[in-house]
Amino acid sequence: MKLATWNVNSLTARLQHVRDWTALEPVDLLGLQELKLTDDKFPAEALAEAGYPHCAAFGQKTYNGVALLSRTPLRDVVRNIVGFDDEHARVIAATVEAPGGPLRVLNGYFVNGQAPGSEKFAYKLRWLDGLLRYVAAELAAHPRLLLMGDFNVAPEDRDSFDPEGLRDTIHHTREERAHFQALLALGLVDAFRLFEQPEKSYSWWDYRMLGYQKNRGLRIDHLLASEALRPQVRGCRIDRTPRKWKQPSDHAPVILELAG
DNA sequence: ATGGCCATAACATATGGA
């Protein structure tokens, strides 16, 4: 079974890329972020034709928005963080049948946070705190759990093209990294780091300053697997293919392979 | 030469992203 996470930076603008990429890389379940559309505009029919008849969307106008696209039924869909009042559409959870038993999938578009000290940064820290409590509760109820999405955190220096120059800037702060470590401490593992990876592996590159061409990127899109799921994890990789296409998302998809 | 982009709204400019 293959699963993936991808921030598409507008599903309207990227629908053809989603169709083209899933044709090349036929993942069974795909978590999307930054849909930037309301649920009435969600292209369910086009995605069903692309092989994903089971979709759950949680969108809003212009900003944010997340969805799960699946080849098999999704059940117990929950929108947003239970226990955290949020005006933004940022999290969607569902259970899918997987080899070895049901799998709980949480797909999130984490707060960007703009800059340390800003009101948006304070919101990011509150949001991360709410998420941590929610994931702890979900893990207790569903030991086989996968937390995926655009975390907007570069967990370690090696996850940034310029860790010294960007020290303590957004995505690199001690507070954001501590929150990432707190998620791991719940009993999750960063699937990407279970395997040998190329040096300077990133999942996002700025549209400006020839960011992609110079590989000036960050690894901020992640898949965290619970202890119970870990024995089934067979691989994890970033697929830069669609980042090279015309009018790409600024993020690349990250793929997780599970045994069976 | 230290900046170079992109998507959206209903604007020809502003906001947010990361």
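In what follows, every chain begins at residue 1, and chains take the letters A, B, ... in the order their sequences are listed. Only this structure's heavy atoms are used, side chains among them; waters, hydrogens and symmetry mates stay out. Keep in mind that what you see is a predicted model, and the values were worked out from it rather than measured.
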Given dC5(B), dA7(B), dG3(B), which nucleotide is nearest the side-chain atoms of Met209(A)? dG3(B)

Is the side chain of Arg216(A) donor-acceptor paired with the backbone N or O of Ser160(A) at a distance under 3.5 Å, no angle test? no

Can you tell me how far C1' of dA18(B) sits from CG of Asp150(A), to the nearest Å? 9 Å

Measuring only the P atom in each nucleotide, how far is dG16(B) from dA10(B)? A whole number of Å is fine. 14 Å

Give the rounded distance in Å between these two atoms: OH of Tyr63(A) and C1' of dA14(B). 9 Å

For dT2(B), give its Watson-Crick or G-U wobble partner with both distances under 3.5 Å, or none. none

Look at the side chain of Arg243(A) and the backbone N and O of Trp205(A), then say whether any donor-acceptor pair between them is shorter than 3.5 Å. yes

Out of dT8(B), dG16(B), dA7(B), which nucleotide sits closest to the side chain of Thr62(A)? dT8(B)

Spacing of Arg167(A) atom CZ relative to dA18(B) atom C1', expressed in whole Å: 18 Å

Does Gln114(A) or Leu11(A) map to a spot on DNA chain B nearer the 5' end, using the closest nucleotide for each? Leu11(A)

Selected nucleotide, minimal atom distance to Leu210(A) side chain, candidates dG4(B), dA18(B), dT8(B): dG4(B)

d(CZ, Arg208(A); P, dG3(B)) in whole Å: 11 Å

Give one of base, sugar-phosphate or nothing for Asp221(A), where a contact means two heavy atoms less than 4.0 Å apart. nothing

Length of the line joining Asp162(A):CG and dA18(B):P, which is rounded to integer Å: 19 Å

Is Lys120(A) close enough to dG16(B) that one of its side-chain N or O atoms is under 4.0 Å from OP1 or OP2 there? yes

dA7(B) to dA18(B) separation - P atoms, rounded to the nearest Å: 13 Å

Round to a whole Å and report the spacing from OH of Tyr207(A) to C1' of dG4(B). 15 Å

Sugar-phosphate only, base, or nothing, as touched by Arg216(A) at under 4.0 Å among non-hydrogen atoms: nothing

What's the closest nucleotide to the side chain of Asn152(A) if the choices are dA7(B), dA18(B), dG16(B)? dA18(B)

How far, in whole Å, is dA14(B) from dG4(B) if one measures between their P atoms? 16 Å

Considering every strand and a 4.0 Å limit on heavy-atom distances, what is the contact class for Tyr109(A): base, sugar-phosphate, or nothing? sugar-phosphate

Select one nucleotide: of dG16(B), dA18(B), dG4(B), the one nearest the side-chain heavy atoms of His251(A). dA18(B)

Are the ring centres of Trp245(A) and His17(A) closer than 6.0 Å? yes

To the nearest 0.5 angstrom, please state how far the CG atom of Leu224(A) sits from the CG atom of Leu229(A). 11.0 Å

In whole angstroms, the gap separating P of dA18(B) from OH of Tyr202(A) amounts to 18 Å

Heavy atoms from C-beta onward define the side chain here; which of dA10(B), dA7(B), dG17(B) lies closest to that of Lys61(A)? dA10(B)

Of all the nucleotides listed (dG3(B), dA18(B), dA10(B)), which has the minimum atom distance to the side chain of Asn112(A)? dA18(B)

Nucleotide of dG16(B), dA18(B), dA7(B) approaching Glu34(A) most closely (side-chain heavy atoms): dA18(B)

Using the side-chain contact (heavy atoms from CB on, under 4.5 Å) rule, take Met148(A) and Val254(A) through it: C-alpha gap first, then chi angles, then the decisive distance, then the call. CA-CA 9 Å; Met148(A) 60 160 65; Val254(A) 189; over 6 Å; no

Please report, rounded to the nearest Å, how far the P atom of dA18(B) is from the NZ atom of Lys124(A). 9 Å

Walk me through whether Arg219(A) and Arg193(A) qualify under side-chain contact (heavy atoms from CB on, under 4.5 Å). CA-CA 11 Å; Arg219(A) 191 177 73 93; Arg193(A) 293 302 182 199; 3.6 Å; yes

Taking only the side-chain nitrogens and oxygens of Asn7(A), find out if one of them lies under 4.0 Å from OP1 or OP2 of dA18(B). yes

Would you find a donor on one side and an acceptor on the other, under 3.5 Å apart, between the side chain of Arg71(A) and the backbone of Val27(A)? yes

By the Watson-Crick or G-U definition, both distances under 3.5 Å, dA7(B) is matched with dT15(B)

Consider the side chain of Gln247(A), meaning its heavy atoms from C-beta on, and name the nucleotide among dC5(B), dA18(B), dA7(B) that approaches it most closely. dA7(B)

Return the nearest nucleotide to the side chain of Lys214(A); candidates are dA7(B), dA18(B), dG4(B). dG4(B)

Separation between the C1' atoms of dT2(B) and dA12(B), rounded to whole Å: 29 Å

